Amino acid sequence: MIASLFGFDSKQHRLQTEILAGLTTFLTMVYVLAVIPSLFKPLATQGMDNPAIFTVTALTSALGTFIMALAKRPFAQAPGIGCASFFVFTVCLSLGYDWRFALTGVLVEGIIFILISLTGIRQKIVEAIPRVLRQAISVGIGFFIAFLGLKNAGIVVPSDATLICLGDITHGQALLAIIGIIIMEVLLMKNVTGGILISIIITTIIGIPMGVTHIHDFFCTPPSIAPIAMHFDFSKLMSVDMIILVFTLLFMDLFDTLGTLVGVCENAGMVNKDGSIPKLETMLTADAVATTLGACLGSSTTTTFVESASGVGAGGRTGVTSLFVSICFLLSLFLSPFFLSIPSAATAPVLVIVGYMMMKTMVHIDLNDKFNAFPAFITIIVMPLTFSISNGILMGFISYVSIRVIYGKYREISPMMYVLAVIFILKFILL
Ligand SMILES: Nc1nc2[nH]cnc2c(=O)[nH]1
């Protein structure tokens, strides 16, 4: 009865699979509870209380993912790492704006995101994305999350000479992550139910004698969100700076979310016969509502997490998966020391393996047709290398339109694609 509220149908779905999928997604993304507060640390000197960010991140993730559960889809939401970095390092530290100004920008962006769904503009944007770009988005996200996993595990590390290079894989967390990748791949090849989750648990346990897993405490009381919740600054609401900030946030949020939803659904075969994504509009609205409510709690932009692909990969198909993720985030408010003791070496393999699964969509792209292969290549390469899903989509759109214009194939491009390509070029030049 309750399960049907979240799109669960006992004839088509298995409760056990949905719950395992929820747990898998949660375990692959619980690291945000550690990463987001650490990203915001530099703003503590400007009065943005850091312990409160932990509670805000957990609450926003629980609330946003619950809204997605009501939309009956297996996706989880949380404050995005990309958007949080932009909030802290670009808006506050580079451009010098106060965090309250930035938070107001997130609120306004969320409200505009909700409003454009009422006008139907968003639907037109979604329909304008050609099939090849959707497939390329799926592949690009695959590389993006695999890169995220390799980085989290310390297998790929920064290098002054070459930007990135191979880390020390002979011991510690990088070695543990490689063991985790092997365990996970073997379990998946043998079609073991809950293979992803089982391998996270086994890898965490192996990490104890290796000195990578440290379990200190289990419980803690969450810090208050009062120092940052509802701390808006509306004094510069109509300024040019605010308009630019809101549009940048809107672009990042819309295309990050769109890319994640389209990429994951396309990869998991969650598409209608005509190629459209079921409930895409509802999911985008859920994302917009979550961003708006998250801003009220004191969070940077809430986005649909690419890590949801791990739960979808584990068989999650309904809102019960997201409901379970949401419950886990609520519990994590009190159990954070326990969840945070699961090392990233144990969850990073999920990102790598799911990235590998998503990469397989590549076989559907006709690489002998340059008009499709080139924009697909641009979309795929830009996502991991600029660490941004939205950059990949924008560059992919621009190259799709320009290669056709260069070869005189004007009629193959819809008016909406022309409009979007011009807006995207302006975005790169002006914002
Ligand atoms: N879609 C998406 N997923 C993420 N997972 C971690 N950070 C992000 C992000 O910024 N966007």
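Given the structure is predicted, the values throughout are model-derived calculations rather than measurements. Order of listing sets the numbers, starting from 1, for every ligand and every atom in it.
- Of all the heavy atoms of Thr260, the ones lying under 4.0 Å from any atom of ligand 1 belong exclusively to the side chain.
- Looking at ligand 1, you won't find any N or O of Phe305 less than 3.5 Å from one of its N or O atoms.
- With hydrogens left out, the protein atom closest to atom 10 (O) of ligand 1 is Gly82 N, 3.0 Å, a heavy atom.
- No hydrogens or angles considered: a donor-acceptor pair under 3.5 Å links the side chains of Thr28 and Ser310.
- With a 4.0 Å cut-off on non-hydrogen atoms, Phe144 does not touch ligand 1 at all.
- At a 4.0 Å heavy-atom cut-off, ligand 1 touches Glu307 through the side chain alone.
- Atom 1 (N) of ligand 1 has as its closest protein heavy atom Asp256 OD1, 2.6 Å.
- Within the 4.0 Å heavy-atom criterion, both parts of Ile81, backbone and side chain, lie near ligand 1.
- Taking the six-membered ring for Trp, Phe6 and Phe8 have ring centres at least 6.0 Å apart.
- Not a single heavy atom of Phe387 sits closer than 4.0 Å to an atom of ligand 1.
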Side chain to side chain donor-acceptor pair (under 3.5 Å) between Thr257 and Thr303: does it pass, once the steps are laid out? CA-CA 6 Å; Thr257 305; Thr303 191; 3.3 Å; yes
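- Counting the atoms of ligand 1 from 1 in the order shown, those under 4.0 Å from a heavy atom of Thr304 are 1 (N), 2 (C).
- For the residue pair Val32 and Pro79, the shortest heavy atom distance occurs at CG1-O, 4.3 Å.
- Nearest protein heavy-atom contact of atom 3 (N) of ligand 1 is Val306 N, 3.1 Å.
- Residue contacts with ligand 1, taken as heavy atom pairs separated by less than 4.0 Å, involve Ile389 solely via side-chain atoms from C-beta onward.
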Under the side chain to side chain donor-acceptor pair (under 3.5 Å) rule, what do Tyr31 and Asn152 come out as? Steps first, then yes or no, please. CA-CA 10 Å; Tyr31 72 88; Asn152 288 354; 4.7 Å; no
